[in-house]
Amino acid sequence: MSTKILVLGRDGQLGFELRRSLAPLGNVTAVGKSECDLTYPLQLARLVRREKPDVIVNAAALTSVERAEEDVVRAMRINGEAAGELAALAASRSALIVHYSSDYVFDGAKPDPYVESDRPAPLNAYGRSKLAGERAVRAMNPAHLVFRTSWIYGVFGSSFLRSVLMALRQPEPLRVVSDQRGAPTGAAFIADVTALAVARYLHGGAGFPFGLYHLAAAGHASWHEYACYVAEQARIAGLPITLTPADIQPVPSSEYPSTARRPLNSCLDTGLLERQFGIHAPPWRDGVRHALAAMAGSRNLA
Ligand SMILES: NC(=O)c1ccc[n+]([C@@H]2O[C@H](COP(=O)([O-])OP(=O)(O)OC[C@H]3O[C@@H](n4cnc5c(N)ncnc54)[C@H](OP(=O)(O)O)[C@@H]3O)[C@@H](O)[C@H]2O)c1
């Protein structure tokens, strides 16, 4: 009998890539919000009862930092409570739960990249809800993998990278925050690492290293440096943009209107993941270049 893998968050950036990366490992069922809304515990229970998964991968979340700030209860329900309920449902079937958390569980005050044992201290409602979720998953099911990741972009879906690409088509210069640092991380890379870890779990053997891991591309940049790199590489890839890096003005967070505070340092140390799983984190620029080339390629085919 082939392994049954249930993916939640089918239509998100990561969900899209997980459908691809997990496909060689078994029978993948991916569901979106219309089939299972994490707001409702009964829908989760019904889904798990129906699918009888061996592995549950939860890529569904309320990911808008602003929306989380506006609706704290909803953010806590989806990102916190539902994550714990899914982990408990997985545990009831002796299934593995894979869940994703965020760099925003930290306050960004540390000068160096964060390691897994650093004390979380979220600055905003999104970060608090993600922290509640990762804690609930770890408490409800010892057979868990929680990946804290950062600054996700994909070829599809909404992300900073895609917003910048849209803005680079307009005539007006851009203002981009220059005092927050992190690692832009491709959804495809996160999905590939997830598949490698799940494959090892399915292969069996004692001593599987369940736990919490930092998962991000190597190196770091400010949002401003990231936007400039996108402008430079989008032009090389042949994407239709009008602005150049010189048109992108750096601004401090204090000058950028937002309802939520964000950490200045979002860098995650991935040493533990490298040691336990032999994963090599590629430089963030490689992934961004690849995604832009894919976007340009699909335009050429269109
Ligand atoms: N994006 C980032 O920069 C980032 C950084 C660090 C960690 N993460 C974490 O990584 C994971 C994947 O993120 P992503 O970038 O792939 O997010 P995404 O593109 O926003 O996808 C999230 C998906 O979850 C769905 N969803 C939202 N509310 C739901 C609900 N009540 N019930 C069922 N589905 C619901 C969304 O559907 P709708 O669009 O229809 O609402 C969307 O398809 C999340 O756990 C996120 O918190 C993301």
Side-chain angles (χ1 to χ4, degrees), residues 6-21 30-44 46-47 56-68 71 73-87 97-106 108 114 120 122 124-134 136-137 145-164 180 182-191 193-194 212-217 223 226 260 262-263 266-268 284 287-288 291:
L6 174 62
V7 175
L8 292 97
R10 180 192 60 201
D11 303 315
Q13 300 190 87
L14 183 54
F16 176 81
E17 293 292 346
L18 285 166
R19 284 188 267 156
R20 168 191 59 77
S21 72
V31 296
K33 194 157 72 182
S34 56
E35 291 130 295
C36 180
D37 188 330
L38 269 68
T39 316
Y40 307 108
L42 275 179
Q43 291 196 12
L44 292 179
R46 219 176 286 140
L47 175 72
I56 299 178
V57 183
N58 179 26
L62 193 160
T63 54
S64 161
V65 175
E66 270 74 28
R67 270 179 57 204
D71 196 343
V73 174
R74 187 169 154 72
M76 208 41 110
R77 168 65 215 153
I78 295 166
N79 295 345
E81 292 161 19
E85 286 159 14
L86 265 177
I97 177 89
V98 183
H99 181 72
Y100 302 91
S101 187
S102 165
D103 50 324
Y104 281 19
V105 300
F106 295 117
Y114 282 93
N124 55 43
Y126 171 74
R128 284 189 290 278
S129 70
K130 293 302 291 183
L131 181 61
E134 65 174 54
V137 168
L145 284 171
V146 176
F147 293 120
R148 277 190 194 136
T149 185
S150 69
W151 295 22
I152 301 182
Y153 62 85
V155 173
F156 302 99
S158 52
S159 64
F160 175 83
L161 184 150
R162 288 177 62 85
S163 303
V164 165
Q180 296 169 19
T185 301
F189 170 60
I190 300 168
V193 171
T194 302
L212 168 72
Y213 293 93
H214 287 178
L215 164 53
W223 292 113
Y226 179 16
R262 288 169 166 78
S266 271
C267 301
L268 301 172
W284 69 265
V288 169

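Note that these values count all heavy atoms, side chains included, but never hydrogens, waters or copies made by symmetry. Each ligand, and each atom within it, is numbered from 1 in the order the structure gives.
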Below 4.5 Å, heavy atoms only, C-beta onward: do Asp11 and Phe156 meet side chain to side chain?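 With C-beta onward as the side chain, the pair stays apart.
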
Please examine the side chains of Leu268 and Thr185, heavy atoms only from C-beta on, and report whether any two atoms are closer than 4.5 Å.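 No. Closest side-chain heavy atoms not under 4.5 Å.
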
Would Asn79 and Ser129 count as a side-chain hydrogen bond (donor to acceptor under 3.5 Å, both in side chains) if you check the C-alpha gap in whole Å, the side-chain angles of each, and the deciding distance to 0.1 Å? CA-CA 5 Å; Asn79 295 345; Ser129 70; 3.0 Å; yes

Anything with a heavy atom under 4.0 Å from ligand 1 counts, so go ahead and list those protein residues by chain and number.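 Ligand 1 pocket, heavy atoms under 4.0 Å: Asp11, Gly12, Gln13, Leu14, Lys33, Cys36, Asp37, Leu38, Thr39, Ala59, Ala60, Ala61, Thr63, Ile78, Tyr100, Ser101, Ser102, Asp103, Tyr126, Lys130, Thr149, Ser150, Trp151, Ile152.
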
Basic-acidic side-chain contact under 4.0 Å: Glu85, Arg77: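 The answer is yes: the pair qualifies as a salt bridge.
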
Going by the angle between their ring planes, with limits at 30° and 60°, are Tyr104 and Tyr126 parallel, tilted or perpendicular?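 Ring orientation, 0 to 90° scale: perpendicular.
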
Taking the side chain from Tyr226 and the backbone from Gly182, do they hold a donor-acceptor pair closer than 3.5 Å?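 No, the answer is negative, given that no donor and acceptor are paired below the 3.5 Å cut-off.
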
